[in-house]
Every structure is written in structure tokens, then in C-alpha cells.
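Report on one structure; see the data block that follows.
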Number of protein chains: 2
Amino acid sequence: MDSSQLLKGVLDLAVLAVLKERDGYGYDVVRRLREAGLDEVGDASVYGTLRRLFKAGALTSYVVASDEGPHRKYYGLNDVGRQMYATSAKTWGSFSATMAALLKEERS
Amino acid sequence: MDSSQLLKGVLDLAVLAVLKERDGYGYDVVRRLREAGLDEVGDASVYGTLRRLFKAGALTSYVVASDEGPHRKYYGLNDVGRQMYATSAKTWGSFSATMAALLKEERS
DNA sequence: TGCCACTACCGCGCTTTGCACAGTAGTGTG
DNA sequence: CACACTACTGTGCAAAGCGCGGTAGTGGCA
């Protein structure tokens, strides 16, 4: 099945969630999301989301050199990002609860 | 917050869910979805979804005259639609579980 | 009679967003 | 030196939900 459409509007939240745990760079965020179960997420989607969130003022950004590869652009949550995470998580919670209730009506 | 993006890819499932309970026409499906909690769903989205699902062969369709207004175009699930509902519900279930797990990691 | 509200449907065009694809680099391995 | 892995970027596309406007049918009300 193609669950890519399900990510719409939720990838932001997912990225915020992993960054809330600890700062991370793009390639790392992709890995963490896939390990978390979102294995179909595209790398370009994550990079795009990070740039979008940064542009929206929700993330801090700093570049760190690496011994084993190219530089890494780290991202982390700031206050705006934490606020965004809180409200998004809440919205998602009520939305998924609504959907769960809708799907549970198995009285046919 | 704008939860419209959350509907992406899930509106199909929501529409299938209400039609699984019983047949319905567009305007009625909109009302039922809103009563279920998806109060921000646009009517054009539902009509579009119904047409799309019908075109995909998941729905039956029949027009019924009404005493109190315009005609009503009823839609109902066929075998394809029921199959689609089953797999979509399953996909949604695992996806939302993944998201729940991701959000629950409150160990900062 | 004229106006409005509610019901019911459709089409156009816009925006967001995830993604495929391609490209650029740095590092290490055979 | 080719290749794999790491790491980031840009372009352009397609799907989907929605705002808006339009078309009708019915009925109420002054």
C-alpha cells in the first residue's frame, strides 16, 4: 500500500518529534524516522521539511564538520518549534481519535 | 491550527467508513463526516472524493428524486470498495500506531 | 410577487506537500 | 580508479483538499 499520502501534514510533526528528542542533521533524521517505522519516507521530503520548518522560524541550524564524510547541518528546536510541536501533537491526537471512532463503528 | 493537511489520503478512508455504515449522497456524507468530528472538511473535497472513488470502481451510484429539494446522487460500497476500506483501515491503523509511538517518546 | 434560506451538485483554479530524479562533494575500500 | 556510503541541494511533477462561484429545486414569508 502507498502510505505516502498519509504523511501529508504529518511529516512536520514527525520531524519535530525526532528533533525534540535531540538535535539532528538531515541524513540522521531520515534514518531515525525510518527506524521509527516510517520506512517509506523519502529523503528529499525530509530535507524539504527541515528547510521549510527552518524558514518558518521553528528550528535553529548549525553546521558541524565530520571526520567521516561531508559536513553536517544540524537542526534543533527553538521555542517556536516546541510550541509548534505541542499544538501539532494535540491536533494530531484529536484527529486520530476522531478517525479511530469513525472506523470503530462496525455495526453493519 | 489547520488540520486540512491531515486529511490528505485519509478522506478516502473516512468517506468509505461512513458509506460502509449505509449508503449516502454527497450532501449527507458531508454532514455525517462533520458530525463525526471532521468539522473542517470542505464540501468540494467530499464531492471530489466520491467522484474519484466512483471512477476508481469502488462505489455504486444511483440517483433518487427527493420531495424536499434537488435530486440526490447516492453512493454505496461494492466489493472493491469494501476491500479498499479493509486495506486502507489496516494501513491507517499501523500508521497511526507508528505516529503514536513516535510522539510518546517524552524522555527529554 | 420578490426575496431569501436550505438542499444538492458541479467545475475551475490555487496551494501545499511529498517525492522522484539528478547533481555535487567528501571519505574510505577494494 | 571505480565504487559505495555519507550528506546536502534544486527542479519539476502530481495528488489532494479547498475556496469560490455557479446552477437548480423546494419552501417560507412579507
Side-chain angles (χ1 to χ4, degrees), chain A residues 1-16 23-34 38-56 58-59 61-75 84 88 91-92 95 99, chain B residues 1-16 23-35 38-56 58-59 61-75 88 91-92 95 99:
Chain A
M1 280 304 95
D2 187 19
S3 67
S4 74
Q5 288 300 317
L6 297 180
L7 277 176
K8 294 271 175 176
V10 188
L11 186 54
D12 284 26
L13 176 56
V15 167
L16 289 172
D23 288 7
Y25 52 99
Y27 201 80
D28 174 53
V29 172
V30 171
R31 265 189 309 223
R32 284 205 263 161
L33 287 176
R34 290 191 175 149
L38 302 176
D39 45 335
E40 294 188 42
V41 68
D43 62 330
S45 308
V46 175
Y47 284 115
T49 298
L50 286 169
R51 274 174 279 181
R52 191 153 36 79
L53 287 175
F54 178 71
K55 201 175 175 184
L59 301 180
S61 176
Y62 50 97
V63 174
V64 176
S66 170
D67 306 0
E68 40 192 40
H71 69 283
R72 295 167 171 171
K73 191 181 281 183
Y74 275 79
Y75 292 97
M84 190 181 293
S88 292
T91 302
W92 166 257
F95 177 79
M99 283 302 297
Chain B
M1 278 304 95
D2 187 18
S3 67
S4 73
Q5 289 299 320
L6 297 180
L7 278 175
K8 295 272 176 175
V10 187
L11 186 54
D12 284 27
L13 176 56
V15 167
L16 289 172
D23 288 9
Y25 53 98
Y27 201 79
D28 174 53
V29 172
V30 172
R31 265 190 311 222
R32 284 205 261 161
L33 287 175
R34 289 191 176 148
E35 281 167 16
L38 303 175
D39 45 335
E40 293 188 42
V41 67
D43 61 330
S45 308
V46 175
Y47 285 115
T49 299
L50 287 170
R51 274 179 300 223
R52 191 153 36 77
L53 288 175
F54 177 72
K55 202 174 172 185
L59 302 181
S61 176
Y62 49 97
V63 174
V64 176
S66 169
D67 305 1
E68 40 193 41
H71 67 282
R72 294 167 173 171
K73 190 181 283 183
Y74 275 80
Y75 292 96
S88 292
T91 303
W92 166 256
F95 177 79
M99 283 302 297

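Every chain is numbered from 1 and lettered A, B, ... according to where its sequence line falls, protein lines coming before strand lines. Note: hydrogens, waters and symmetry copies are ignored here, and every other heavy atom, side chains too, is used.
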(message) How many whole angstroms separate atom CG of B/Leu33 from atom P of C/dA8?
(response) 15 Å

(message) Please give me the minimum heavy-atom distance between A/Val41 and A/Arg34, naming the atom from each residue.
(response) O-NH2, 2.6 Å

(message) Give me the atom names and distance for the closest heavy-atom approach of A/Met99 to B/Leu38.
(response) SD-CD1, 4.4 Å

(message) Could you check whether any side-chain N or O of B/Thr49 sits under 3.5 Å from a backbone N or O of B/Ser45, counting only pairs where one atom can act as donor and the other as acceptor?
(response) yes

(request) Take the protein atom CD of A/Glu40 and the nucleotide atom P of C/dC19, then report the distance between them rounded to whole Å. (result) 8 Å

Are there any protein N/O atoms within less than 3.5 Å of an N/O atom in nucleotides 26-29 of chain D, and if so, which ones and at what distance?
| from | atom 1 | to | atom 2 | distance (Å) |
| --- | --- | --- | --- | --- |
| D/dT26 | O3' | B/Asp67 | O | 3.4 |

(request) Rounded to the nearest angstrom, tell me the gap between atom CG in A/Leu7 and atom P in C/dA20. (result) 11 Å

(message) Applying a 4.0 Å non-hydrogen cut-off, can you work out what A/Gly9 is touching in the nucleic acid: base, sugar-phosphate, or nothing?
(response) sugar-phosphate

(request) Using only heavy-atom distances, determine whether the side chains of B/Tyr27 and B/Asp43 contain a donor-acceptor pair under 3.5 Å. (result) no

(request) Kindly give the heavy-atom pair with the smallest separation between A/Gly24 and A/Arg32, and that separation in Å. (result) CA-NH2, 3.7 Å

(message) If I take atom CZ in residue B/Arg32 and atom P in nucleotide C/dA8, what distance separates them, rounded to the nearest angstrom?
(response) 13 Å

(request) Rounded to the nearest angstrom, tell me the gap between atom CZ in B/Arg31 and atom C1' in C/dA8. (result) 10 Å

(request) May I have the distance from B/Leu6 (atom CG) to C/dT17 (atom P), rounded to whole angstrom? (result) 11 Å

(message) Can you classify the ring geometry of A/Tyr74 versus A/Tyr62 as parallel (below 30°), tilted (30 to 60°) or perpendicular (above 60°)?
(response) parallel

(message) I need the minimum non-hydrogen distance between A/Phe54 and A/Ser61, along with the two atoms involved.
(response) CE1-CB, 3.5 Å

(request) Check the pair B/Tyr25 / B/Tyr75 against side chain to side chain contact (heavy atoms under 4.5 Å, CB included), numbers first and verdict last. (result) CA-CA 6 Å; B/Tyr25 53 98; B/Tyr75 292 96; 5.8 Å; no

(message) Need one value for B/Val46: base, sugar-phosphate or nothing, where a base atom within 4.0 Å counts as base even if backbone is also close, heavy atoms only.
(response) nothing

(request) Summarise protein proximity over nucleotides 8-15 of chain D in one line of letters, 5' to 3': B for base, S for sugar-phosphate only, - for none, counting protein heavy atoms closer than 4.0 Å. (result) BBB-----

(message) Closer than 4.0 angstrom, basic N to acidic O: yes or no for A/Asp28 and A/Arg72?
(response) no

